[in-house]
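Inspection log for the structure reproduced underneath, given as structure tokens.
Note that these values count all heavy atoms, side chains included, but never hydrogens, waters or copies made by symmetry.
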Amino acid sequence: MVLDTGTTAWILTSTCLVMLMTPGVGLFYGGLVRRKNVINMIALAFLAYAIVSMQWVICGYSLAFGTDISGFIGGTEYLGLTGVGMDGEGIPDILFAAFQLVFAGLTLAILTSGVAERMKLASFVVFGLIWTTLVYDVLAHWAWGGGWAAQLGALDFAGGTVVHISSGFGALAIALVIGKRAGFKEINMAPHNIPMTLLGAGLLWFGWFGFNAGSALAADGIASSALMVTNTAAAAGALSWLLASSIHGKPSAVGMVSGAIAGLVAITPAAGFVDVWASLIIGIVAGLLCYRCLLWRLTKGLDESLDAWAIHGMGGLWGAIATGIFCSPLITGGNYSGLIYGNVNQFLINAGDAIVVVIYAFVVTYAIAKVINMVMGLRVCEDEEYLGLDIAAHGERV
Amino acid sequence: MVLDTGTTAWILTSTCLVMLMTPGVGLFYGGLVRRKNVINMIALAFLAYAIVSMQWVICGYSLAFGTDISGFIGGTEYLGLTGVGMDGEGIPDILFAAFQLVFAGLTLAILTSGVAERMKLASFVVFGLIWTTLVYDVLAHWAWGGGWAAQLGALDFAGGTVVHISSGFGALAIALVIGKRAGFKEINMAPHNIPMTLLGAGLLWFGWFGFNAGSALAADGIASSALMVTNTAAAAGALSWLLASSIHGKPSAVGMVSGAIAGLVAITPAAGFVDVWASLIIGIVAGLLCYRCLLWRLTKGLDESLDAWAIHGMGGLWGAIATGIFCSPLITGGNYSGLIYGNVNQFLINAGDAIVVVIYAFVVTYAIAKVINMVMGLRVCEDEEYLGLDIAAHGERV
Amino acid sequence: MVLDTGTTAWILTSTCLVMLMTPGVGLFYGGLVRRKNVINMIALAFLAYAIVSMQWVICGYSLAFGTDISGFIGGTEYLGLTGVGMDGEGIPDILFAAFQLVFAGLTLAILTSGVAERMKLASFVVFGLIWTTLVYDVLAHWAWGGGWAAQLGALDFAGGTVVHISSGFGALAIALVIGKRAGFKEINMAPHNIPMTLLGAGLLWFGWFGFNAGSALAADGIASSALMVTNTAAAAGALSWLLASSIHGKPSAVGMVSGAIAGLVAITPAAGFVDVWASLIIGIVAGLLCYRCLLWRLTKGLDESLDAWAIHGMGGLWGAIATGIFCSPLITGGNYSGLIYGNVNQFLINAGDAIVVVIYAFVVTYAIAKVINMVMGLRVCEDEEYLGLDIAAHGERV
Amino acid sequence: MKLIKAIIKPERLDSVKKGLEEIGIYGMTIYEVQGRGEQKGIALQYRGGTIQVDSIPKMEVNIIVKNSEKQKVIDAIIAAAVTGKIGDGRIFILPVEESVRIRTGEVIRDE
Amino acid sequence: MKLIKAIIKPERLDSVKKGLEEIGIYGMTIYEVQGRGEQKGIALQYRGGTIQVDSIPKMEVNIIVKNSEKQKVIDAIIAAAVTGKIGDGRIFILPVEESVRIRTGEVIRDE
Amino acid sequence: MKLIKAIIKPERLDSVKKGLEEIGIYGMTIYEVQGRGEQKGIALQYRGGTIQVDSIPKMEVNIIVKNSEKQKVIDAIIAAAVTGKIGDGRIFILPVEESVRIRTGEVIRDE
Ligand SMILES: Nc1ncnc2c1ncn2[C@@H]1O[C@H](COP(=O)(O)OP(=O)(O)O)[C@@H](O)[C@H]1O
Ligand SMILES: Nc1ncnc2c1ncn2[C@@H]1O[C@H](COP(=O)(O)OP(=O)(O)O)[C@@H](O)[C@H]1O
Ligand SMILES: Nc1ncnc2c1ncn2[C@@H]1O[C@H](COP(=O)(O)OP(=O)(O)O)[C@@H](O)[C@H]1O
């Protein structure tokens, strides 16, 4: 198959869209922290993206998409993007590498939720490089690079396991290592700029169309269907969380967009496999489930501060399982079918894969965080945390 | 005709672009209200988009694009998007449905201008669902779904009647029913965050290229020409409003971007039919006209708070008429021509269509609003309005 | 060659992306000025875009891309876009004109750095129209319209000379004419809203993919490679500036994104010609160089206020030279090669071209600014500057 | 001299300014504050429950006046700020010992 | 009457409000301020050097009380605001001559 | 003790801080305020008409000092804040009865 300009146009566009999600996450998170940490929070997203951009061209792409080694990781033939050229099937190989890059950058940015308002910049750089290499690249290989999960037939359309479970459970793990913010649950840590969070959510919703519909790697019916179910799940998640939060208290605007993101996360692994009705259910459940998880982590006193675990981790887990449930032969041209079409196998494979990824992501992240904590410390000192990282880490202020 | 990847790529992209206009409207409006209502204002845009997303896949698409019933509304064959598949002519049918969805969501978001800073959330949800069904879907059917206007040959390239007249005159109607904000014209209600409004305007201008050039439903010369005239009208509107406002007082930045939006609105129905000179005139007139309309509504003491009527309603009306005037056989390959090319007919049809839409949108919106007002009340109570809807409706604060 | 829908889709998209860079620059700059000038700073970007949009369709496009006159400027055959139609090679001619328009608008917006917080609105309009005609259109003709630089074989892929050297050195020239801000270096002029600057940077990074990869004028391997090297240089620039600033003081978030933009600027002329390793070097050097230039202009007491010169001017100069150094026959299909591939010629041509452009942009801008300063004054009066241009020029306030 | 601290509803600021202008008082300093009155804010009914919103945005206007002007300033503020509803605000009067104009260094004392 | 100006850490505001409620004090006006204490702020170690951060965000709570209530208000604020660390803040007491309720025009004097 | 309230141009804040440091005064509380002076703000010429801009951003610095330090603090502020132009601002001096350090509870009285 030769290059197709239409497909190439769409993947170029999708790459741009997904890239924008990183500042989107920065703004989403930036609005949720206290004013004294907003610059740092947005800067972490940029920093995550920048270091992963380097890592990816140097080794990440090769580790994820190089020739499979024991089902676990890719080979080294693409180090420095050697041999990743301007030709390819449908799209240029180098475009595929770029499209994958923006996912990797975003994933690390999502994970910053777990260390919000308290992490040392230098430690974040070290952590980010190691984490991307040992967790992200490995998981990307498993799902998309010909690793064991792909071989088994586990389905992950756009990154439910690779992006969301990894960053969500990773955030939880590092949050446990770094510890709670000073004064957590005693002092008011309410979001300082909700319009900023809403703007971030708008950019995320926008970019997610590139994320999911772009993962079709074609400008075709699957991409279009993926876009439609993505939007439906997002809207359903927004409304179900809004409703749930309004029964608990007031219908929160942050809740509404959190629900949208929960829906977007959950539809991610399923986007190219399910029909619009399934997406409706996936979205509604995601909104309710992630909201419950958020409440649960609060009652447990866990300071996974901006809820990457509740939304991305648990939403991704639900999405991975839901893919095994709702995967439709009508959408996939008969190639795949899920539990409701009588295929227990797909359900078990997807659920099994998801659980392995949960464990891998959590354990390895925990280990990396522990080691870095011992070697150089993850956390800023008490005074710096008190002053806020804008001034303490960057010497800047809003 | 089979699927075309290039066309599909462009419509996928356009769908994303138009989707982003909804948060764009939220930010545009959010900056214009008082600080105590900013979260609510942006949240209304998201909420509008979320509920319309549901409505559209469940019944809206079918009502608008199902088989014509008496020229008035579409049939029910596409309920739940049944039969809206991944094949199609040029682009997948489901992509067409998604592209149309983002227009519907945006339209309701524009209308929130008329109820800014004073509407009950629950009533908005009910109103939004009914309004989209009885007004938007019907108008979309008339213009694009094979309804009477389409049959008569009325031209509306990208939604001058469907989107702008409907939301603008709808905003006016509901504003009359819900009543003025407490203290209107007595107390200072100046925009609280103009940079936010400018950001919103930037996103709108950006997204409008998808709106208008995407409405070509192809990646071709018409789309390209539509993009160029869209930009020209926007720039012309920005400059003419700026000039007019600077004669009145100071050259206002909000005025400049309002003018840009007036130009964008006015070129919307004309985008695929007129040449660049016509777009220049359309834009200049739009800026001046909408500015005058804004001043007029202020002198009349009408609290259509954020000027959807002046800008979208009247700009859309002017655009619909202008399409009948300037529609050029050179651009349309000889298929259509307007008044200045000697075709009085097109002018009369377009003007007539626009007037019918004005009346329909105004009257039906007024009726819906009246009924909901009686049944459940449209308006928050006095204390809530005084405190601001951020805290009163969402329990959140900037 | 006939129209290609995929290519057309990508250039339509790229046009949108580059358009968004103008509000992006507005926000980037808006966050860096004092609160009292933020509306004005963003408004200048919109205003720049609006007036250039008019100028471009009326005469700019023709002057840049009309039939060459003595290698210096284009002819008048396309005045009013006459003869710029909906057909073309690969993409419609009118789309090419639109794509070029968004570059021209952006360039003037970048230049506002040099007059930040002190320029009269009316003078800016006059200056902008003359500058675009005498500087931008001429330089665009030299590089891309068949002018002497193109004839000599100077390479400028996406506008290192045309956009960045011109706006950067132009900003320096007009800054010298208009003079320092009152209290420069005595009073605190720290950025008032760094999150706004980060948002602007995010939009710029996003849009730049359209800027550079769109300049391939195709949806192909070159576009894809351009996107990848663009991202790499941006990330490298971000990290090198961050590191350098953290040795000097604290790792500044503004510094990080300034470095990203320095990298983006420097890769601009090279994007379609170099490989990923070269982009890494180009980006790292850009971050370090532009940072040094910023420090230098501060020690010299030059009030080129927002560093368009240091970042765009010097970054563009470095990029133009670097293109002559790193231009790779592997990427360009053997058509071009640079110094490291033994071709001294390309290096000399590119460096020579860059120097001529530096001189032309600086001298002509200086002259235009001087004349306008004499005729109508560039600068607001002392009281207006003290109050801030938001209130003084627009009658608006944050 | 006296310092008159008037805490008013933000939407009355313009009319207070105008009222003071009419009696020839221009100098003032304005603060954006959050206030809680003796009513503990405003109670919103919500799903059967009640949510108490304290911390309501207010404006505080500080005016230094000669003793002799005190009463007319208070009267003017009340006239311009009163709506008769809860939350109209308070005026507090504090003694001021002296005042200095930075530009000229001139010291003003009164009584 | 007295004006009690308490400059406290922002994160103690909620507990100060609660502490005052418990002794029946509701009225107060709150300012967001920047403060610098006698320690000149906080010194951050940075690459061998030291950066002094003065201007630390604080909240200032102003409460007008009857003379007789002064002491219990001060005690309640201290109890609720103290952490024992540098930067806990200060309380200043100023004399107030009279107070007027704008809504009713009623004048309150005390002593 | 005295409360010195100095309303200054925002761009003079740094130099006022420095000036006070030089005489050993560190403690202060800073407010962002809007001010209107006796000139009623600044008049801008506009298209033949005139627009009056009142409400100009200012900084207010509050410093509590011992009576004995009052004069040198006032002098230092004036020296650091004066530009000689309209809008330089004012200093007001109010009596303070006592001061409490929250961290330690220690009460300071002076005179
Ligand atoms: N005891 C007090 N100390 C300080 N400020 C007060 C006090 N009582 C009221 N205020 C201020 O006055 C504002 C209005 O008070 P409120 O009791 O609502 O007035 P009213 O009784 O006139 O309606 C409050 O928001 C608060 O800022
Ligand atoms: N002399 C002063 N005048 C005005 N405000 C002061 C003064 N001293 C302290 N403050 C205010 O009190 C706050 C806390 O001061 P600090 O000296 O840190 O208190 P502590 O000694 O109790 O830790 C400061 O941030 C400042 O706002
Ligand atoms: N009578 C007053 N009461 C309260 N604040 C005042 C008063 N007069 C002046 N100010 C404050 O001082 C600031 C400077 O006043 P201004 O009259 O412009 O000073 P100057 O006469 O020294 O130029 C004002 O902006 C205002 O904040």
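- The shortest distance between side-chain heavy atoms of B:Asn231 and C:Tyr49 falls below 4.5 Å.
- Rounded to the nearest 0.5 angstrom, C:Phe46 CZ and B:Trp205 CH2 are separated by 7.0 Å.
- Heavy-atom distances place no part of C:Leu44 under 4.5 Å from chain B, backbone and side chain included.
- In this structure the side chain of B:Val276 never reaches within 4.5 angstrom of the side chain of C:Ile94, judged on heavy atoms.
- Residue with the most contacts toward chain C among B:Leu280, B:Asn193, B:Val254: B:Val254 (heavy-atom pairs, distance under 4.5 Å).
- In terms of heavy-atom proximity, B:Leu198 sits nearest to C:Ala43 at CD1-N, 4.3 Å.
- In this structure, the portions of C:Ile39 lying under 4.5 Å from any heavy atom of chain B include both its backbone and its side chain.
- The greatest number of non-hydrogen atom pairs below 4.5 Å with chain B, out of C:Pro23, C:Ser53, C:Gly105, C:Gly30, is found for C:Ser53.
- Side-chain contact between B:Ile331 and C:Met86 is present, with at least one heavy-atom pair separated by less than 4.5 Å.
- Contacts between C:Met196 and chain B at a heavy-atom distance below 4.5 Å involve the side chain alone, from C-beta outward.
- Contact of B:Val257 with chain C is made through the side chain alone, with heavy-atom distances under 4.5 Å.
- Distance check, rounded to the nearest 0.5 Å: CG of C:Leu203 to CZ of B:Phe206 gives 8.5 Å.
- Options B:Gly207, B:Ala238, B:Gly202, B:Ala253 differ in how many heavy-atom pairs under 4.5 Å they form with chain C, and the most are formed by B:Ala253.
- Using a 4.5 Å cut-off between heavy atoms, C:Val57 contacts chain B through its side chain alone, with no backbone atom that close.
- Between the CG atom in C:Leu17 and the CZ atom in B:Phe209 there is a gap of 11.0 Å [rounded to 0.5 Å].
- Separating the SG atom in C:Cys16 from the CG atom in B:Leu227 is a distance of 5.5 Å, to the nearest 0.5 Å.
- When all heavy atoms of B:Met228 and C:Leu101 are compared, the pair lying nearest together is SD-CD1, 4.0 Å.
- For a residue to count as touching a neighbouring chain, one of its non-hydrogen atoms must lie under 4.5 Å from one of that chain's; by this rule C:Leu12 touches chain B with backbone and side chain alike.
- In this structure, chain B has no heavy atom under 4.5 Å from any part of C:Ala219.
- A 4.5 Å side-chain heavy-atom check between B:Asp220 and C:Pro92 finds every atom pair outside the cut-off.
- No option in C:Thr8, C:Ile11, C:Asp93, C:Leu3 other than C:Thr8 meets the side-chain contact (heavy atoms from CB on, under 4.5 Å) test with B:Ser224.
- The two atoms that bring B:Pro195 and C:Val398 nearest to each other are CD-CG1, 4.0 Å, heavy atoms only.
- Across every non-hydrogen atom of B:Ala236 and C:Met54, the tightest pair is N-CE, 3.7 Å.
- Both the backbone and the side chain of B:Ile222 come within contact range of chain C, each with at least one heavy atom under 4.5 Å from a heavy atom of that chain.
- Put simply, OG1 on B:Thr5 and CG on C:Asp4 are 8.0 Å apart, with the number rounded to the nearest 0.5 Å.
- The contact between B:Ser225 and chain C is made by backbone and side chain atoms together, counting heavy-atom distances below 4.5 Å.
- Considering every non-hydrogen atom in both C:Ala9 and B:Trp10, the closest pair reads CB-CB, 3.8 Å.
- Judged purely by atom type and a 3.5 angstrom limit, C:Glu396 has no side-chain atom pairing as donor or acceptor with the backbone of B:Ser252.
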* To do: Give the C-alpha distance, both sets of side-chain angles, the deciding distance and a yes or no for side chain to side chain contact (heavy atoms under 4.5 Å, CB included) between C:Leu199 and B:Leu199.
  => CA-CA 10 Å; C:Leu199 165 60; B:Leu199 165 60; 3.7 Å; yes

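- By the 4.5 Å heavy-atom criterion applied to side chains, C:His394 and B:Ile194 are not counted as neighbours.
- If you measure heavy-atom distances from B:Trp208 to chain C, you find no contacts under 4.5 Å at all.
- With a 4.5 Å cut-off on non-hydrogen atoms, C:Leu47 touches chain B through its backbone and its side chain both.
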